[in-house]
Every structure is written in C-alpha cells, then in structure tokens.
Amino acid sequence: MTTSGGVFVGLLVEQNAERIILRINNIPTPFAAKDISKIETLLTNRERYEQYRAALDPKDTRGRRSLAQWLVSVDMFPEALEQLNEILRLDSNDAKAAEMRLVVQGLMDLRSKKPSEAPVRTTVEQKEPKAKPAQFPVLSAEDINMIRVYEVNLSDPPRMSVARNVVTRLLEEYAGDPLVPVSREGRDALYRRRPEEILELMFKLRARNLYGEVKIQQDPSSMRMFREQIHRGWLLNYCATTDCHGGTEAGNFWLNTRAPNTDATVYTNFYIMEKTRVRATRGEKRDEMVPLINYANPAQSPLLQLALPPENSLFPHPTPNRPGKSPFRPLFRDDSDPRFRKTVDWIASMFLPRPDYRIDYIPPRPPAPAIAQQPGTEGDPRDPGAPPLVH
C-alpha cells in the first residue's frame with residue numbers, strides 16, 4: 001500500500017532501502033521505498049488451496065465444484081482433477097462434474113505434450129463445436145390446437161376461427177342429421193354463425209374429424225389458468241429444476257424447461273402430467289398405479305399430495321438419499337396454502353369427462369447422466385430418490 005492510499009498486487013522482485021520492484025502483469029514496476037506505507041505478503045495459490053480444502057464439508061459437492069473451477073483458473077489441474085473425482089465418488093450422477101473432468105483431463109493432456117507435438121495455431125483459432133443438449137420432443141401446433149378445442153368453455157370461449165370450407169364439409173358430411181339444416185336459408189345462416197356456435201354444433205354431432213379444423217388462437221380459460229398459476233406459478237421452479245424433474249435425474253417424469261413460456265412447452269408439460277401415473281404407497285389404493293391428476297377429487301391428486309409435508313400426505317414424496325443433494329422440501333405447508341387451492345381450482349375447471357385428445361405423443365425419458373456413459377461406472381444412473389412414476 002502506498003502513502004497516498006494506492007494498493008498494488010504483484011510478484012515481489014526486489015526490495016531494498018531505496019526501492020521496491022513488483023512484477024505486475026509481467027511488467028517490472030518500481031516504487032520508491034519512501035512512498036510505501038505497508039507491504040503484505042499474500043498466500044500462495046497452494047496455501048490458499050489447502051485452506052479452502054480444509055474448510056470444506058466432506059460431502060459438499062457444490063463447494064468442491066467451485067473449488068475445482070478456481071483451481072483450473074490458476075492452472076492447478078491435478079488438484080482440480082482430484083476434487084472432481086471426489087465429487088463423482090460422492091455422486092456418480094453429477095453431470096456437471098463429469099463434463100468438467102473431461103475438460104481438465106484434456107488440458108492436462110495438452111500441457112504434457114512436447115512443443116513439437118503442440119497443434120499448429122492458425123490465424124483463426126478453431127474450436128471444437130460444443131455438443132448440443134438432447135432435444136426434448138414437444139407437441140406439434142396441431143396437437144396443441146386439438147387440446148385447446150377439447151378444453152374450450154363455450155360459455156367463455158377464446159378467440160377462434162372456422163373457415164368457410166369447413167362449414168361446407170360439416171353440411172355435406174353430416175347431411176341427414178336432425179341438427180344439420182336442410183333448407184337453403186338455414187344453411188346460409190350456419191355460415192354466418194359465430195365460430196363457437198359452429199364448434200358447439202360439431203360437439204353435438206361428434207364430428208371429431210373436423211375438430212382440428214377449428215383454429216383456436218388463445219388459451220381456453222382452464223389452460224390459461226394452468227399456464228399462469230401452475231406452470232409459471234410453481235411447477236417450473238419447484239418440480240422442473242435440474243436436480244429434480246427437469247434434468248437427467250427426472251426418472252420417468254421428465255418436464256421440458258426450454259423456452260418455458262411458449263405454447264409448445266406449456267402444453268407438452270401439461271400433456272405429460274395428464275398421462276403420468278404414480279404408484280400409491282398409502283390408503284386403499286396402495287401399490288396401484290393412479291393418475292397424477294385426480295379430476296374426480298382434485299385435492300387428493302398425487303400432483304398436490306407429493307408437494308405436501310410427507311407426514312400429512314396421501315402420497316408422501318420419497319426422501320432423496322443422494323450425497324451433496326438438498327433434502328426434500330415441501331412446496332405447500334398444508335392444503336390451505338393459496339397455491340394448493342389455486343391448483344385445486346384449476347383441476348376442477350378442466351373439461352369432464354376427460355376427453356381422448358387422440359394425440360400421438362410418447363413422453364420422453366431423460367438422457368442418462370454423462371458419467372453413466374463412461375466405461376467402468378458402477379451403479380444405477382437413475383435417481384433412487386425420485387418418485388416412483390411411470391407412464
């Protein structure tokens with residue numbers, strides 16, 4: 001520290017009664033000794049490493065990962081590799097640590113090469129293209145429109161449209177049904193009806209082959225409630241985190257987290273929930289596979305019960321037993337929680353009896369964690385603490 005209050009950090013090269021020289025950014029920088037008020041000797045990187053390592057909880061994988069990142073930044077690759085190996089010993093499913101270990105091993109391999117073996121530098125440095133994450137299959141626009149059609153509340157219809165040629169097909173294909181007008185005046189009047197009235201006629205005729213021809217431009221009220229109060233309100237930041245059902249440890253219940261506000265993600269996640277079954281561990285249905293969403297008794301839905309404190313739940317959430325992972329924390333304090341009640345209201349708002357959307361979509365399974373692909377890895381890559389869900 002200088003007498004004027006300046007602070008400089010560098011490698012001490014020379015110190016005598018007249019001057020002090022520090023190497024700062026590899027440049028020798030002299031200071032007059034009379035201008036220096038205080039000199040502090042900082043710990044070496046090795047000493048700092050020993051301090052950090054001694055202060056770590058032996059099972060703190062997140063802290064070890066941060067330490068490994070710092071070790072890489074100061075070129076202490078063997079020590080970084082040691083920490084990453086310890087993380088993977090504690091949790092063989094830690095994909096981030098596995099990926100970082102490959103990077104560190106590559107850096108060590110480069111450093112061990114002789115100068116003649118080093119790759120030739122070109123004017124533009126070529127970088128290895130980063131592998132893209134596995135694509136999460138989502139519902140098509142046609143699938144989403146079909147769900148919207150089935151969930152339309154005719155007393156509160158969303159914006160929609162029906163092309164004139166679709167009305168013509170309706171008149172031709174269902175001619176002879178008492179609900180279809182036969183007079184010219186009646187047929188002309190049908191062309192002038194509001195889209196929701198034409199859709200209502202389709203429902204009465206059960207003209208399923210024409211449902212998809214009705215274009216719904218907005219979420220029906222029930223799906224708008226799902227999007228805003230459930231999907232955005234708590235599902236994504238509670239169930240769909242990378243350590244739970246949004247990552248490689250999702251088990252059989254994997255939710256999409258990319259582009260979270262898009263129709264594709266919102267409706268795909270809804271459909272996955274709609275098709276998911278969970279094994280009951282208590283009550284009269286014990287050991288039976290039941291729907292994740294109980295439309296007949298919304299408050300008893302496993303979707304809600306799994307987020308309650310286990311001691312008060314009909315479907316208690318399993319307690320994760322994974323080193324370095326946070327314990328299960330309930331989302332709802334009890335069934336009076338506002339988010340619990342809003343979810344009950346949403347389930348109750350959905351169309352009954354539940355329709356068959358006739359969508360050809362198979363919910364995906366998450367890719368195996370990266371470390372599970374390495375030769376010699378032992379153990380089941382699936383998360384033993386995940387809820388016992390199957391589709």
Side-chain angles (χ1 to χ4, degrees), residues 93 147 151 222 225-226 229-231 233-241 243-256 267-322 325-357 359 361-366 380-391:
N93 290 336
I147 293 176
E151 297 301 335
S222 58
M225 190 183 303
F226 170 74
Q229 298 184 5
I230 287 77
H231 194 265
W234 61 264
L235 187 72
L236 284 181
N237 56 27
Y238 179 71
C239 289
T241 61
D243 282 345
C244 197
H245 294 293
T248 56
E249 301 181 4
N252 293 348
F253 181 46
W254 189 25
L255 295 171
N256 188 21
Y267 279 80
T268 298
N269 285 344
F270 160 72
Y271 190 74
I272 290 172
M273 292 164 55
E274 174 87 1
K275 292 298 180 182
T276 297
R277 301 293 182 269
V278 58
R279 187 180 303 280
T281 57
R282 291 180 182 174
E284 59 182 21
K285 293 186 179 292
R286 182 173 181 174
D287 292 330
E288 293 183 26
M289 304 306 296
V290 297
L292 186 64
I293 303 174
N294 185 340
Y295 290 98
N297 194 336
Q300 293 187 9
S301 296
L303 174 68
L304 288 165
Q305 294 291 322
L306 283 163
L308 284 169
E311 63 273 14
N312 299 327
S313 174
L314 297 174
F315 293 84
H317 194 290
T319 301
N321 183 20
R322 297 166 292 175
K325 298 293 183 181
S326 300
F328 167 71
R329 291 185 178 87
L331 174 67
F332 310 123
R333 62 179 181 273
D334 53 39
D335 59 10
S336 67
D337 188 294
R339 289 170 296 186
F340 186 101
R341 301 316 310 172
K342 286 180 180 179
T343 308
V344 168
D345 292 342
W346 162 65
I347 296 173
S349 74
M350 297 295 284
F351 182 82
L352 290 177
R354 293 304 297 149
D356 178 5
Y357 298 127
I359 290 175
Y361 174 86
I362 300 175
R365 295 289 301 274
D380 189 345
R382 294 172 297 177
D383 173 12
L389 302 173
V390 297
H391 296 299

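These figures come from a predicted structure and were not determined experimentally.
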Next item on the list: Please confirm whether the backbone N or O of Ile230 pairs with a side-chain atom of Arg339, one donor and one acceptor, at under 3.5 Å?
Entry: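 Checking the backbone N and O of Ile230 against the side chain of Arg339, no donor-acceptor pair under 3.5 Å is found.
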Margin query: Main chain of Asp287, side chain of Arg279: is a donor-acceptor contact present, judged purely on distance under 3.5 Å?
Written below: yes
Side-chain donor-acceptor distances from residues 298-312 under 3.5 Å, at least two apart:
from   : atom 1 : to     : atom 2 : distance (Å)
Ser301 : OG     : Asn294 : N      : 2.7
Ser301 : OG     : Asn294 : O      : 3.4
Ser301 : OG     : Pro298 : O      : 2.8
Gln305 : OE1    : Leu314 : N      : 2.8
Gln305 : NE2    : Ala299 : O      : 2.8

Notebook entry, point to check: Parallel, tilted or perpendicular for Tyr271 and Tyr361, by the 30°/60° rule?
Noted result: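 If you compare the ring of Tyr271 with that of Tyr361, the planes turn out perpendicular.
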Got a second to check how far [X]'s [atom1] is from [Y]'s [atom2], nearest 0.5 Å?
X	Y	atom1	atom2	value
Lys275	Phe270	NZ	CZ	9.5 Å
Ser313	Asp335	OG	CG	11.0 Å
Asn256	Thr268	CG	OG1	6.5 Å

Item checked: Ion pair Arg354/Glu151, N-O distance below 4.0 Å -> yes
Checklist line | Intermediate values then yes/no, side-chain contact (heavy atoms from CB on, under 4.5 Å), Phe226 and Thr343 | finding: CA-CA 8 Å; Phe226 170 74; Thr343 308; over 6 Å; no
Next item on the list: Show the numbers, then the answer: is there a side-chain contact (heavy atoms from CB on, under 4.5 Å) between Val290 and Arg277?
Entry: CA-CA 5 Å; Val290 297; Arg277 301 293 182 269; 5.9 Å; no
Margin query: Please enumerate all residues that pass salt bridge (Lys or Arg N to Asp or Glu O under 4.0 Å) together with Arg333, with sequence neighbours excluded.
Written below: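 Counting only residues at least two positions away or on another chain, Arg333 forms a salt bridge (Lys or Arg N to Asp or Glu O under 4.0 Å) with Asp337.
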Next item on the list: Search all heavy atoms of Trp254 against all heavy atoms of Ile272 and return the closest pair with its distance.
Entry: O-CD1, 3.4 Å
Note to self: Using every non-hydrogen atom in the two residues, find where Met273 and Leu292 come nearest and quote the distance to one decimal.
What the structure shows: O-CB, 3.8 Å
Margin query: side-chain contact (heavy atoms from CB on, under 4.5 Å) for Met350 and Tyr295? Distances and angles first, verdict last.
Written below: CA-CA 8 Å; Met350 297 295 284; Tyr295 290 98; 3.8 Å; yes
Next item on the list: Decide yes or no for Ile293 and Pro291: does some side-chain heavy atom of the first lie under 4.5 Å from some side-chain heavy atom of the second?
Entry: no
Notebook entry, point to check: Quick one: are the ring centres of Trp234 and Phe332 less than 6.0 Å apart?
Noted result: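 They qualify: ring centres under 6.0 Å apart.
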Checklist line | Criterion side-chain contact (heavy atoms from CB on, under 4.5 Å) on Met289 and Val278, from CA distance to verdict | finding: CA-CA 5 Å; Met289 304 306 296; Val278 58; 5.6 Å; no
Check: Taking atom CD1 of Ile362 as the centre, does the number of heavy atoms from other residues, nucleotides or ligands within less than 6.0 Å exceed 12?
Finding: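 No, not enclosed.
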